[in-house]
> 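So that we are looking at the same thing, I have put the structure below in structure tokens.
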Amino acid sequence: MKLATWNVNSLGARLPLVLEWMEANAPDILCMQETKLADDAFPSGAFAELGYESAHHGDGRWNGVAIASRVGLEDPASGLGSEEDVHGCRLLAATCAGIRVHSVYVPNGRSLDSEQYRFKLDWLARLRAYLAEHNTPEGDVAVCGDFNVAPDDADVWDPAAFVGATHVSEPERRALQEILDWGLEDTFRRFHPEGGIFSWWDYRAGNFHKGMGMRIDLVLLSKSLAARAVSAEIDRDARKKSPRGNKPSDHTVVLVELD
DNA sequence: ATGGTTGCGAAGCAA
């Protein structure tokens, strides 16, 4: 069972690359973020042609989350509640092969003195409360997506360059840790404790080719699922222009394989 | 080096 997450940075712009990647890599479940689509523009037919059921939560230009699954997709539920809807569509859950899968797009935060930063911290706290309300840590729970938080300095190309910036601040990392403490594991970390492997690189200034990235896209698994994990990888190739010439997102794919 | 790029949508914002 292959479970993947990918911030696609506009599914409208990225659909050819996403389909190309799915055909080549055959994930069983793919969580997507930043689709930037309204629900009525979501290309469910294109996923169906590849054998995937899908669900989407989006209202247009910003944000938007989706799940595609070829192992079933039941009981979709979107949003954290009415307050979240004011700030866009950032959470979609569905049950796939008995796993409660969550596709999440955590607010960026912009800067430490921004109102958006406070919103980011609040949103992470509400995500933890949502997980506790709707799930038990003894169940098969996966929380996948763009967390916009690098869990550790080893997940940042140059920690010194991020002093005073978002994604690495102590309150953000604490808010992420509180989600983990509910009963989830950052599975990639277990397989790659050394760090220095990234999931996002700024489009600008050739950062990708210079290795200037961060690991902010995570697959968090409950204990029962973590015990089934046999590998966790980041597909760096999907951050490059594809063999068919499709342009990449600024994020790439995180892929976990379960027994 | 305070730059640089992409997406949306048609100027400027968000990332």
> Roughly how far apart, to the nearest Å, are B:dG12 and B:dA1 at atom C1'?
25 Å
> Polar atoms only, N or O, under 3.5 Å: list the protein pairs with nucleotides 13-15 of chain B and their distances.
unit_1, atom_1, unit_2, atom_2, d
B:dA15, OP2, A:R110, NE, 3.0

> Would you kindly give the NE2-to-P distance between A:H209 and B:dT5, to the nearest whole Å?
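Distance, rounded to whole Å: 12 Å.
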> For B:dG9 and B:dA14, measure between their C1' atoms and round to the nearest Å.
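Rounded to whole Å, the distance is 13 Å.
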> Taking B:dG7 as the reference, what is the distance to B:dG3 when you measure between their P atoms (whole Å, please)?
23 Å
> Does A:W201 have its ring centroid less than 6.0 Å away from the ring centroid of A:W157?
no
> On DNA chain B, does the nearest nucleotide to A:K210 precede the nearest nucleotide to A:S10 from the 5' side, or the other way round? Give the residue.
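The 5'-side residue here is A:K210.
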> Taking the same atom, P, in B:dA10 and in B:dT5, what whole-Å distance lies between them?
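Between the two P atoms, the distance is 23 Å.
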> Start at the 5' end of DNA chain B and walk down; is the nucleotide closest to A:L11 or to A:G206 reached first?
A:G206
> Using 30° and 60° as the class limits, which term best fits the ring planes of A:F188 and A:H192: parallel, tilted or perpendicular?
parallel
> Taking side chain as C-beta onward, heavy atoms only, is A:V18 less than 4.5 Å from A:M32?
yes
> Say we look at B:dC8 and B:dT2: how far apart would their P atoms be, to the nearest angstrom?
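These two P atoms come out 30 Å apart once rounded.
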> Ignoring hydrogens and angles, write down the donor-acceptor pairs under 3.5 Å from the side chains of residues 43-54 of chain A, residues two or more places apart or on other chains.
unit_1, atom_1, unit_2, atom_2, d
A:Y52, OH, A:P27, O, 2.5

> Return the value, rounded to whole Å, for the distance between atom CG of A:N207 and atom P of B:dA1.
17 Å
> What class does the angle between the rings of A:H167 and A:W200 fall in, given that below 30° is parallel, 30 to 60° is tilted and above 60° is perpendicular?
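Geometry flag for A:W200 against A:H167: parallel rings.
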> Would you please test A:S249 and A:N9 for side-chain hydrogen bond (donor to acceptor under 3.5 Å, both in side chains) and show each step?
CA-CA 5 Å; A:S249 170; A:N9 186 20; 4.9 Å; no
